[in-house]
Q: 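Handing you a structure now.
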Amino acid sequence: MERKCDEGVTSYSILIVEDNLLMRKILAGHLRDLGHTVVAVGNGRQALEVLESSHFSIVITDLVMPEMGGLELCRTIRERDFGGYTYVVMLTAQDSKDEMMRGLEAGADEYLVKPVHRAELTMRLKTADRILSLESSLKKSYEEIKALSVKDPLTKVYNRGYLDERLVHEVKRTFRFERPLSLIMLDIDHFKIINDTYGHSTGDQILKECAWFMSNCVRKEIDWVARYGGEEFVIVLPETPLAGAMVAAERSRAGLASHVIDAGGTELRITASFGVTSFTPCDQKEDLTMAAALVERADTCLYQAKKEGRNRVVSVQL
Ligand code: GH3
Ligand code: MG
Ligand code: MG
Ligand code: MG
């Protein structure tokens, strides 16, 4: 999709659906000359088979064909998701307003009168390119917005909303596969003093560093970190029993305590207190309140760790 043709149009994968062999060859020749990649089949049923396995941004289809005609093909493309928008051009007989109307009604984006005029084909593909480029940039923006909406803007780890939603999914998985699930909650010790002594922007920098540090202390692609509140973070460890989560928490605690943070020329050290809890279902009915129970229990352990003197890990099995 990145390559540009001579006409300044993106090079697309185009599927031709036409039962007339000569027509198919001429059209494929024109499209290849314009720099596109072409696959040609003889009817709608064959087209659907090809669309199942490969993505085509543009389909140019005849209307009347054996087994499955262009109208049914077009309606099926609109009903199903073939991985991104498919721009459909319907081939119609000369002077047939009726065919053109039926094609557009079935969901075609554009029509092209047979025999296909080369210059007209080039113009139709420019229109297709405009629509497909627009669709692709909208999709990209949507994905960027979606990715941003689950992250905490300051620390770039997941936000509280995402934690609440995803934890329920993790609990569902835990019940389905009867696998353990652990949760660590940590809170930076005496953070208020850091803010009061060095200012809020240094405080912010420390929060970022702490989030980054925690993300690097856990298994990539499996465990995940979320900002629970001001200077509190949650680490979710799927497929992990309590003993494993305690090792991870202790490693994070010790690592953070010995990590030197460069806060604009000032070298700072911080510590945090950790609460760890774990849950493994056995022959139990699915209970989604377990998500909130895990957070609550980790919070209770964290409170205990603070009470016992901070910079330590306290755990409990649920
Ligand atoms: P403890 O060891 O008991 O946890 O003491 P603490 O001082 O860390 O706890 P406390 O809850 O009293 O203070 C938390 C502080 O975190 C107060 C609040 O201003 C600060 N804080 C919360 N969110 C942010 C933030 O986004 N940026 C900065 N710089 N500070 C924040
Ligand atoms: Mg035909
Ligand atoms: Mg604190
Ligand atoms: Mg706190």
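Quick caveat: nothing in here was measured; it's all calculated off a predicted structure. Both counts, for ligands and for their atoms, begin at 1 and track the order of listing.
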Q: Report whether any nitrogen, oxygen or sulfur of D189 sits less than 2.8 Å from the Mg ion (ligand 3) (N, O or S, backbone or side chain).
A: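 Coordinating: no.
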Q: Any donor and acceptor pair, going by atom type alone, linking the side chain of E72 with main-chain N or O of M68 inside 3.5 Å?
A: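 Absent.
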Q: Between D19 and R24, is there a side-chain N and carboxylate O pair less than 4.0 Å apart?
A: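 No, no charged N to carboxylate O under 4.0 Å.
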Q: Please name the atom of E232, limited to N, O or S, that comes nearest to the Mg ion (ligand 4).
A: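 For E232, the N/O/S atom sitting closest to the Mg ion (ligand 4) is OE2.
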Q: Taking the Mg ion (ligand 2) as the reference point, name the nearest N/O/S atom of D62.
A: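 The D62 atom nearest to the Mg ion (ligand 2), restricting to N, O or S, is OD2.
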Q: Exactly one of R227, K208, R160 should register a side-chain hydrogen bond (donor to acceptor under 3.5 Å, both in side chains) with D152. Which one does?
A: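 Of all the options given, the one that passes is R227.
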Q: Is V64 close enough to the Mg ion (ligand 2) that one of its N, O or S atoms comes in under 2.8 Å?
A: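 It does: V64 brings an N, O or S atom closer than 2.8 Å to the Mg ion (ligand 2).
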Q: Looking at E231, pick out the N, O or S atom nearest to the Mg ion (ligand 4) and give its name.
A: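 Result for E231 and the Mg ion (ligand 4): OE1.
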Q: Using only N, O or S atoms, tell me which atom of D19 is closest to the Mg ion (ligand 2).
A: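 Distance check against the Mg ion (ligand 2) picks out OD1 in D19.
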Q: Return yes when atom CD of E267 has more than 12 non-hydrogen atoms of other residues, nucleotides or ligands closer than 6.0 Å, and no otherwise.
A: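 Open.
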Q: Restricting to N/O/S atoms, is D187 within less than 2.8 Å of the Mg ion (ligand 3) or not?
A: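 It does; at least one qualifying atom falls short of 2.8 Å.
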Q: Has I188 got an N/O/S atom less than 2.8 Å from the Mg ion (ligand 3)?
A: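 Yes.
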Q: Using the rule side-chain contact (heavy atoms from CB on, under 4.5 Å), only one of T289, T277, D299, T174 pairs with L294; which is it?
A: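 Between L294 and the candidates, side-chain contact (heavy atoms from CB on, under 4.5 Å) is satisfied uniquely by T277.
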Q: Examine the side chains of S273 and D187 and answer whether a donor and an acceptor come within less than 3.5 Å of each other.
A: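 There is no such pair (donor and acceptor under 3.5 Å, judged by atom type) between the side chains of S273 and D187.
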